[in-house]
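In what follows, a single structure is set out as structure tokens and then discussed.
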Amino acid sequence: MILTYVVAAEAVMAVLITLPSPKALKSTLVSLISLILQPSMFIVPFASFQLLDIYWKNEHRLMCSGEACTAAERDRYEKSIYKSQRNIILCCAACLLYWCVYRVCKYHKEIQRMEEVEKRYKEE
């Protein structure tokens with residue numbers, strides 16, 4: 001559940017910083033999101049731990065196949081497989097979106113720095 005909210009928040013941040021907007025608004029938005037990125041770095045180790053947990057559970061999961069399984073056991077087994085697959089996608093998406101937001105913020109800051117250097121050279 002946590003991963004779902006984190007991925008949604010990261011997607012919103014990615015949309016906000018990539019949409020065209022006035023320079024002043026974009027600058028403040030990128031600054032705010034940059035401040036948020038530091039504490040939200042926890043998502044990378046959390047997602048990594050989740051992936052390891054999913055892998056371990058997958059390797060040690062009891063297989064439900066054949067005539068020994070009831071329909072309820074088979075449904076529970078399939079539901080757990082689907083949940084694991086969903087969580088793998090969420091973990092990968094969380095890490096990827098975090099990286100994308102981080103890079104966009106970094107590029108924006110580099111562009112601002114280059115514009116300031118260009119402005120100083122023009123003034124000289």
Side-chain angles (χ1 to χ4, degrees):
M1 196 66 171
I2 293 171
L3 280 172
T4 306
Y5 293 131
V6 169
V7 169
E10 287 177 343
V12 167
M13 285 191 292
V15 167
L16 285 175
I17 62 174
T18 56
L19 282 176
S21 58
K23 197 171 193 173
L25 178 64
K26 175 77 90 179
S27 180
T28 56
L29 200 59
V30 168
S31 297
L32 178 67
I33 290 175
S34 294
L35 290 173
I36 295 171
L37 282 177
Q38 287 294 331
S40 67
M41 176 64 179
F42 82 92
I43 194 60
V44 176
F46 180 75
S48 301
F49 177 75
Q50 283 291 108
L51 286 172
L52 288 173
D53 185 50
I54 291 168
Y55 174 75
W56 187 85
K57 285 179 181 175
N58 190 38
E59 288 296 316
H60 296 90
R61 180 174 295 159
L62 296 174
M63 299 298 283
C64 186
S65 59
E67 296 175 10
C69 279
T70 64
E73 290 173 338
R74 198 171 302 115
D75 287 343
R76 196 175 108 217
Y77 173 76
E78 288 177 4
K79 188 176 179 181
S80 71
I81 294 291
Y82 292 139
K83 186 177 176 183
S84 295
Q85 291 171 348
R86 181 200 65 203
N87 287 341
I88 289 171
I89 291 170
L90 284 173
C91 288
C92 294
C95 291
L96 182 67
L97 279 171
Y98 180 85
W99 180 78
C100 289
V101 169
Y102 172 78
R103 293 306 300 175
V104 169
C105 286
K106 187 172 180 171
Y107 287 145
H108 184 74
K109 287 180 180 180
E110 287 178 13
I111 289 170
Q112 281 182 330
R113 187 181 52 78
M114 288 179 182
E115 287 174 349
E116 289 173 4
V117 169
E118 181 185 17
K119 188 177 180 181
R120 279 192 301 234
Y121 281 137
K122 284 184 178 180
E123 289 176 357
E124 290 179 356

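In this chain, numbering begins with 1 at the start of the sequence shown.
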Check for me, please, whether [X] and [Y] land in the same ILVMFWY cluster - side-chain distances under 4.5 Å, paths through other members count.
| X | Y | result |
| --- | --- | --- |
| Val101 | Leu96 | no |
| Val6 | Phe49 | no |
| Leu90 | Trp56 | no |
| Ile89 | Ile54 | no |
| Leu52 | Val44 | no |

Give, for atom [atom1] of [X] and atom [atom2] of [Y], the distance between the pair rounded to the nearest 0.5 Å.
| X | Y | atom1 | atom2 | answer |
| --- | --- | --- | --- | --- |
| Leu16 | Met13 | CG | CE | 9.0 Å |
| Cys100 | Leu97 | SG | CG | 6.0 Å |
| Ile43 | Leu37 | CD1 | CG | 12.5 Å |
| Ile17 | Ile33 | CD1 | CD1 | 5.0 Å |
| Leu51 | Cys91 | CG | SG | 4.0 Å |
| Cys105 | Glu110 | SG | CD | 11.5 Å |

Residue pair [X] / [Y], side-chain heavy-atom distance below 4.5 Å:
| X | Y | result |
| --- | --- | --- |
| Arg76 | Lys79 | no |
| Val117 | Arg120 | yes |
| Leu35 | Ser31 | no |

Checklist entry - In this structure, are over 12 heavy atoms from other groups packed under 6.0 Å from Ile36 atom CD1? => result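 Atom CD1 in Ile36 is packed in, count exceeds 12.
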Next on the checklist: Does anything in residues 91-103 form a side-chain hydrogen bond (donor to acceptor under 3.5 Å, both in side chains)? List the pairs, not counting sequence neighbours.
Outcome noted: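 Passing the test, one end in residues 91-103: Arg103-Tyr107.
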Checklist entry - What's the verdict on side chain to side chain contact (heavy atoms under 4.5 Å, CB included) for Met114 and Ile111, showing C-alpha distance, side-chain angles and the deciding distance? => result CA-CA 5 Å; Met114 288 179 182; Ile111 289 170; 5.6 Å; no
Checklist entry - Mind checking what makes salt bridge (Lys or Arg N to Asp or Glu O under 4.0 Å) contact with Asp53, not counting sequence neighbours? => result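 So Asp53 forms a salt bridge (Lys or Arg N to Asp or Glu O under 4.0 Å) with Lys57.
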Checklist entry - Could you go step by step and tell me if Val104 and His108 meet the side chain to side chain contact (heavy atoms under 4.5 Å, CB included) rule? => result CA-CA 6 Å; Val104 169; His108 184 74; 5.5 Å; no
Next on the checklist: With a 3.5 Å distance limit and no angle check, can you tell me whether Ser27 reaches the backbone of Ala24 through a side-chain donor-acceptor pair?
Outcome noted: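 No, Ser27 side chain to Ala24 backbone: no donor-acceptor pair under 3.5 Å.
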Item to check | NZ/NE/NH1/NH2 to OD/OE distance under 4.0 Å, Lys122 and Glu118 | outcome: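 A salt bridge links Lys122 with Glu118.
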Next on the checklist: Between Gln50 and Leu3, is the side chain to side chain contact (heavy atoms under 4.5 Å, CB included) condition met? List the steps.
Outcome noted: CA-CA 10 Å; Gln50 283 291 108; Leu3 280 172; 4.2 Å; yes
Item to check | salt bridge (charged side-chain N to carboxylate O under 4.0 Å, His left out) pairs, two or more places apart, involving residues 10-29 | outcome: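 The answer is Lys23-Glu115.
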